[in-house]
Number of protein chains: 2
Amino acid sequence: MRPVTVYDIAREANVSVATVSRVLNNTAPVKKETRERIVALMHKYQFQPNALARSLTRKETGMIGFILPDITNPFFPEVLSGFDYEARRLGYTYFLCDTISTNEENERLYDRQYERESQYLSLLMEKQVDGIVMIGGRVDLAKPDPELARELEEVAKRVPVLLLNGSLPKTKLNRVSADQKFGAELAVQHLIELGHRDIAVIGGYSKMTNTQQRLAGFRSAMKDAGLPVRKEWILTEGFSVPKGQEYAAQLLSAKRRPTAIFCMNDLLAIGALKAAHRAGIRVPEELSIVGYDDIPQATYSIPELTTVSLMSQEIGRQAARTLDKMIAGKKVPLFQSLMPELIVRETTARVPGIAAD
Amino acid sequence: MRPVTVYDIAREANVSVATVSRVLNNTAPVKKETRERIVALMHKYQFQPNALARSLTRKETGMIGFILPDITNPFFPEVLSGFDYEARRLGYTYFLCDTISTNEENERLYDRQYERESQYLSLLMEKQVDGIVMIGGRVDLAKPDPELARELEEVAKRVPVLLLNGSLPKTKLNRVSADQKFGAELAVQHLIELGHRDIAVIGGYSKMTNTQQRLAGFRSAMKDAGLPVRKEWILTEGFSVPKGQEYAAQLLSAKRRPTAIFCMNDLLAIGALKAAHRAGIRVPEELSIVGYDDIPQATYSIPELTTVSLMSQEIGRQAARTLDKMIAGKKVPLFQSLMPELIVRETTARVPGIAAD
DNA sequence: TCTGAATGTGAAACGGGTTTCATTATGGCT
DNA sequence: AGCCATAATGAAACCCGTTTCACATTCAGA
């Protein structure tokens with residue numbers, strides 16, 4: 001059976017569709033009894049206006065595209081849940097666009113990710129979304145992908161685009177990010193205050209903006225404290241638990257080993273925790289570990305992770321609010337920065353051999 | 001600047017819009033040179049067909065609504081990622097509909113969840129989605145919510161609806177689920193084979209179908225082995241890490257305590273692990289723990305969790321495939337069941353005091 | 001009583017595609 | 001040479017709302 005339309009309602013109410021539309025949207029006064037007759041019919045037939053038709057003329061859909069690299073990475077659900085909260089409140093629905101591929105064996109493949117980003121960008125345009133938010137992937141590259149830059153600028157001419165936790169230097173795209181350098185400084189300063197001098201860093205991808213900024217934070221904190229940075233204690237390229245375990249195992253098996261490890265995310269920190277455990281090294285007594293992101297899992301581990309909170313939910317919320325303003329044509333700052341917080345839990349302690357104050 | 005339409009292309013190519021549409025969709029033969037002329041113009045202007053307009057006539061949108069209770073619960077991203085994989089392959093995009101509320105303090109509120117489900121249902125209808133998949137929430141209630149049942153049956157008349165890992169007894173709604181009872185039997189039999197006789201169960205919600213089924217599996221496995229079930233060792237109402245910790249702590253502090261705990265999900269198991277650690281009880285030497293779901297975090301803990309894999313990704317994939325068939329009007333089985341697998345890792349061992357074979 | 005403003009309503013155009021139907025040109029085959 | 005199937009294309013209707021414009025009423029104020 002065909003869904004009921006404004007025409008059906010109009011016919012049965014003996015009015016024109018214009019009038020039906022008017023009561024539907026409250027856009028013009030309608031005589032009380034006429035209105036009631038129409039409303040009654042709408043209820044009777046459970047009339048639901050076709051959003052496609054409506055959007056076609058109104059030129060707004062209330063739909064947003066959210067492009068992210070991998071929903072199974074717990075950082076993104078956090079951001080997304082903040083975004084969801086505000087977006088829903090503001091009357092938007094959103095397409096989730098995951099750019100990772102998995103093969104039949106459920107292994108994650110990052111190789112075609114960039115291609116996917118482009119595909120989604122044009123798909124979303126066709127779907128006439130009101131706005132697009134992008135996080136991760138090529139947005140995170142320090143050396144901006146010229147292809148993506150060109151593409152995004154093209155897209156941004158037609159529909160508001162917001163970049164989260166990343167940037168595309170040389171382009172004028174709006175973005176909201178956590179201050180990565182500051183976050184890293186927070187973490188490293190904390191370790192230094194605990195007496196650590198031998199601090200290693202693991203994880204991240206050297207090509208990513210975020211990683212570079214955090215590394216910069218690390219370096220600046222070390223420099224401020226007059227501490228040397230040892231190249232062989234900076235192990236990048238990776239963001240997963242296994243990688244964390246691998247790098248930490250490597251560090252811990254060397255003759256000289258660090259007393260603290262700063263991890264580029266919590267997953268790595270969890271891996272480091274496992275490596276320490278396997279090596280029989282106690283955390284935090286013999287080794288301090290600090291993570292980054294403050295995903296929920298940071299409190300699941302034993303001991304619980306000391307970490308830097310990016311306030312992921314807050315980023316998501318801010319994204320929704322900002323995008324809404326952009327859609328409404330209001331002015332928004334080109335760049336919004338959120339200050340991370342250090343969350344001290346159980347994986348950090350005074351450096352071994354130094355008495356507490 | 002106004003986006004370019006088929007009319008613009010048609011005018012400049014000196015053809016009618018019908019012809020443009022034909023090359024766009026390859027629905028009828030078009031003379032080679034005409035086609036080339038049109039294609040060239042499409043490239044020149046970067047023509048992107050308006051999906052709204054297209055969907056309006058075609059009466060299909062390629063959009064699906066995915067309703068779930070809480071994206072930050074790691075089980076759902078797993079399912080979703082499987083769903084994403086297949087849905088994308090089949091040419092669908094989907095709206096993510098999270099029904100949980102969070103207040104400004106980021107606390108999760110479950111109270112208005114049911115209301116949200118209903119709101120999303122009608123929103124999705126208005127958006128003209130081709131299909132809807134629902135997981136968790138009221139779908140999971142053993143005593144079906146008559147309101148939801150009525151509503152869903154109404155919706156299902158218009159658009160295919162698929163229920164994941166749940167059911168709505170008395171309704172004829174398609175569903176795909178993991179066999180919860182079987183999964184629980186797997187877990188409990190494993191413990192029994194290791195010599196455990198004193199087995200406790202924690203977590204779940206007594207009103208939920210899944211919980212009841214798993215409990216049934218637990219009971220049947222115990223009965224088959226001729227073991228008694230102690231009421232005070234079944235602690236339900238909860239699915240989180242803190243709850244797991246709380247319940248396990250309670251069990252472990254009693255005079256007589258179980259030698260094994262079967263947890264209704266991995267989050268609870270992680271909590272139990274923490275409780276054991278705090279109580280100074282070694283896992284698995286003194287206490288065996290088995291989880292449920294096999295979320296990625298199950299391998300992050302120390303020791304790694306023995307758990308039951310629901311093959312969450314597989315459920316998501318199957319959902320996408322099935323929904324696609326339903327949309328295409330093909331016949332699909334009313335109920336599809338996936339068999340869970342036991343994943344033995346490090347949290348289970350022979351019961352203390354009994355030598356290995 | 002007259003007038004300008006506000007109320008109430010319908011006809012028709014519009015948004016941007018798809019699809020049906022009709023028409024003409026073309027090619028293969030007897 | 002004649003005929004039918006197929007290719008190639010356009011005009012117009014359609015999908016389902018919104019919006020503009022025009023027109024008729026009603027009402028308050030002078």
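The shown structure was predicted, so the numbers you read here are calculated from the model rather than taken from an experiment. Within every chain, numbering begins at 1; the chains are lettered A, B, ... in the order of the sequence lines, protein sequences first and strands thereafter. Values below: every heavy atom of this structure, side chains too, minus hydrogens, waters and symmetry copies.
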Colleague: Nearest whole angstrom, please: distance from the C1' of D:dT19 to the CZ of A:Arg22.
Modeller: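 Interatomic distance, CZ of A:Arg22 to C1' of D:dT19: 9 Å.
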
Colleague: So which one's nearest nucleotide on DNA chain C is more toward 5', A:Ala28 or B:Leu56?
Modeller: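 With B:Leu56 and A:Ala28 compared, the 5'-side residue is A:Ala28.
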
Colleague: Taking the side chain of A:Pro29 as its heavy atoms from C-beta onward, which of C:dT7, C:dT18, D:dC16 lies nearest to it?
Modeller: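 My answer, after comparing the listed nucleotides, is C:dT7.
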
Colleague: My understanding is that only one of A:Val332, A:Leu164, A:Val133 makes a side chain to side chain contact (heavy atoms under 4.5 Å, CB included) with A:Thr322; could you say which?
Modeller: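 Checked A:Val332, A:Leu164, A:Val133 against A:Thr322; only one passes side chain to side chain contact (heavy atoms under 4.5 Å, CB included): A:Val332.
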
Colleague: Using atom CG of B:Asn50 as one end and atom P of C:dT18 as the other, report the distance to the nearest whole Å.
Modeller: 10 Å

Colleague: Using whole Å, report how far CZ of B:Arg54 lies from P of D:dG17.
Modeller: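 Atom CZ in B:Arg54 sits about 21 Å away from atom P in D:dG17.
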
Colleague: Pick the closest DNA chain C nucleotide for B:Ser21 and for A:Thr57 by heavy atoms, then say which residue is nearer the 5' end.
Modeller: A:Thr57

Colleague: So which nucleotide from C:dT20, C:dG16, D:dC16 ends up closest to the side chain of A:Thr5?
Modeller: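 Nearest nucleotide to the side chain: D:dC16.
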
Colleague: Starting at CG of B:Asn26 and ending at C1' of C:dT19, how long is that distance when rounded to a whole Å?
Modeller: 16 Å

Colleague: Would you kindly give the CG-to-C1' distance between B:Leu52 and C:dG17, to the nearest whole Å?
Modeller: 10 Å

Colleague: Does A:Lys59 make a side-chain N or O approach to OP1 or OP2 of C:dG16 shorter than 4.0 Å?
Modeller: yes

Colleague: Is a side-chain N or O of B:Thr61 found less than 3.5 angstrom from the main chain of B:Gln128, in a donor-acceptor match?
Modeller: yes

Colleague: Nearest-Å distance, CZ (A:Arg37) to C1' (C:dT9)?
Modeller: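 The distance from CZ of A:Arg37 to C1' of C:dT9 comes to 12 Å, rounded to the nearest Å.
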
Colleague: Between A:Ile71 and A:Pro77, which heavy-atom pair has the shortest distance, and what is it?
Modeller: O-CG, 3.3 Å

Colleague: Taking any heavy-atom pair under 4.0 Å as a contact, classify A:Val15: base, sugar-phosphate, or nothing.
Modeller: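 The residue A:Val15 makes sugar-phosphate contact but no base contact.
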
Colleague: Do B:Arg88 side-chain atoms and A:Cys97 backbone N/O form a donor-acceptor pair below 3.5 Å?
Modeller: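 Looks like no, no N/O pair under 3.5 Å.
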
Colleague: Base, sugar-phosphate, or nothing for A:Asp8, non-hydrogen atoms under 4.0 angstrom?
Modeller: nothing

Colleague: Just by distance, do the side chain of A:Thr209 and the backbone of A:Gly166 share a donor-acceptor pair under 3.5 Å?
Modeller: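 No; zero donor-acceptor contacts below 3.5 Å.
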
Colleague: Would you kindly give the NZ-to-P distance between A:Lys31 and C:dA6, to the nearest whole Å?
Modeller: 20 Å

Colleague: Just the rounded figure in Å: distance from P of D:dG17 to CD of A:Gln128.
Modeller: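 A:Gln128 atom CD is separated from D:dG17 atom P by 18 Å.
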
Colleague: Assign A:Thr34 to base, sugar-phosphate, or nothing according to its heavy-atom contacts below 4.0 angstrom with the strands shown.
Modeller: sugar-phosphate

Colleague: Could you please name the option among D:dG10, C:dG17, D:dT18 that lies closest to any side-chain atom of B:Pro49?
Modeller: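 Nearest to the side-chain atoms of B:Pro49, counting from C-beta on, is C:dG17.
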
